[in-house]
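Can you keep this structure in mind? I'll have questions shortly.
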Number of protein chains: 2
Amino acid sequence: MRVTEDHPTCRLRDVLDRVGDKWSVLVLNLLGDGPRRYSELQRAIEGISQRMLTLTLRSLERDGLVSRTVTPTSPPRVDYALTPVGETLSAQVAGLITWAEEHRPYVAASRRRYDAP
Amino acid sequence: MRVTEDHPTCRLRDVLDRVGDKWSVLVLNLLGDGPRRYSELQRAIEGISQRMLTLTLRSLERDGLVSRTVTPTSPPRVDYALTPVGETLSAQVAGLITWAEEHRPYVAASRRRYDAP
DNA sequence: CCGCATCCGTGAGGATACTG
DNA sequence: CAGTATCCTCACGGATGCGG
């Protein structure tokens, strides 16, 4: 889709696309509990590839939501943490995660009913 | 990715994927203001194709988040509305949208700074 | 008016191998 | 350990046309 107009929907999209990214949601949620190393994130997020973890963290850093701290030891150590603004988004995301956990049985039941016939 | 394990991350994914869908977010947000006809949604959501609007609505209906009411006039009329559970998700989504609107300038500025060099 | 079916291009993202 | 680089797939989604 071409986004050429200044329709409200379009102005929101670039920000929502970040939130809409499933990996971003999971990363933001994890970092809500405190800073994590790269490898900790990779282990915690089942199924994420190295590539996608790096891309996700770069995007979040670019948007000023996550900070990246390199400790030049050997082997190197990199910690990721939420920025203050990132914390506020993480709080929203936490609400979403809670919603998803609470209503997962309902959604699953709805799907079974819908798919029945 | 194959989801074969029962890791918490995987159990959440199927529900979060609904929220992660950018079209779903926009539809849920619109329906938060009250029921809408198919054609109203299509006009309101800049850039959505007929195909994607239909698919999005079907998914939301399957998940028990949106109800579909057909009025068999001629031409037919179809109204979509949030279910009670859909309302609760729409509320979460509204929080996200608000966040996105409030922090759009911050995110835009962060991106410019990041991309500068 | 509301949708489904079909075709088809593109790009997101997985797998793998390699560096500082 | 924390990435980068490359290849390659496949499914997301746009365009179009038809049907109730």
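To find a chain, count down the sequence lines: A is the first, B the second, and so on, and within it residues start at 1.
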Gap between atoms CD1 and C1', on A:Ile48 and C:dG13 respectively (whole Å):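 Taking CD1 of A:Ile48 and C1' of C:dG13, I get 11 Å after rounding.
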Rounded to whole angstrom units, what separation is found between the CG atom of A:Asp21 and the C1' atom of C:dG13?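 Taking atom C1' of C:dG13 as the reference, CG of A:Asp21 is at 11 Å.
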Using OP1 and OP2 only, check whether a side-chain N or O of A:Arg58 sits under 4.0 Å from D:dG3.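 Result: yes.
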Send over the distance from A:Gln50 CD to C:dA17 P, rounded to a whole Å.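 A:Gln50 atom CD is separated from C:dA17 atom P by 13 Å.
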Does A:Tyr80 put a side-chain nitrogen or oxygen below 4.0 Å from OP1 or OP2 of D:dG3?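 Checking A:Tyr80 against D:dG3: at least one side-chain N or O falls below 4.0 Å of OP1 or OP2.
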Parallel, tilted or perpendicular: which describes the rings of A:His103 and A:Tyr106, with under 30° parallel and over 60° perpendicular?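 Correct class here is perpendicular.
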Contact nearer the 5' end of DNA chain D, comparing A:Arg37 with B:Pro76: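 Nearer the 5' end of the strand: A:Arg37.
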Provide, to the nearest angstrom, the distance between the CG atom belonging to A:Leu57 and the P atom belonging to C:dG13.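 Rounded to the whole Å, the gap is 14 Å.
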Whole angstroms only, please: what is the NZ-C1' distance between B:Lys22 and D:dG14?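 Result: 11 Å.
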Are A:Thr54 and A:Tyr38 linked by a side-chain donor-acceptor pair shorter than 3.5 Å?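 Yes - a donor-acceptor pair under 3.5 Å links their side chains.
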If I take atom CG in residue B:Leu53 and atom P in nucleotide C:dG3, what distance separates them, rounded to the nearest angstrom?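 From B:Leu53 CG to C:dG3 P: 8 Å.
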Are the charged groups of A:Asp79 and A:Arg36 less than 4.0 angstrom apart, N to O?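 Salt bridge between A:Asp79 and A:Arg36, a charged N being under 4.0 Å from a carboxylate O: no.
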How many whole angstroms separate atom CZ of A:Arg51 from atom P of C:dG11?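 Distance, rounded to whole Å: 13 Å.
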Regarding A:Arg68 and A:Tyr80, do their side chains bring together a donor and an acceptor under 3.5 Å, going by distance alone?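 On atom types as modelled, these side chains qualify, holding a pair under 3.5 Å.
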Could you check how far CG of B:Asp79 sits from P of C:dC1, rounded to whole Å?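 That distance rounds to 14 Å.
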Return yes if some donor-acceptor pair links the side-chain N/O of B:Ser90 with the main-chain N/O of B:Gly86 below 3.5 Å, else return no.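 Judged by distance alone, no pair lies under 3.5 Å.
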Side-chain N or O of A:Arg68 closer than 4.0 Å to phosphate OP1/OP2 of D:dG3: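 Yes.
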Taking the side chain of A:Met52 as heavy atoms from C-beta outward, which of C:dC4, D:dG14, C:dG13 is closest to it?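 Looking only at side-chain atoms, A:Met52 lies closest to C:dG13.
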Ignoring backbone atoms, establish whether B:Ser39 has a side-chain N or O less than 4.0 Å from OP1 or OP2 of C:dC2.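 Yes.
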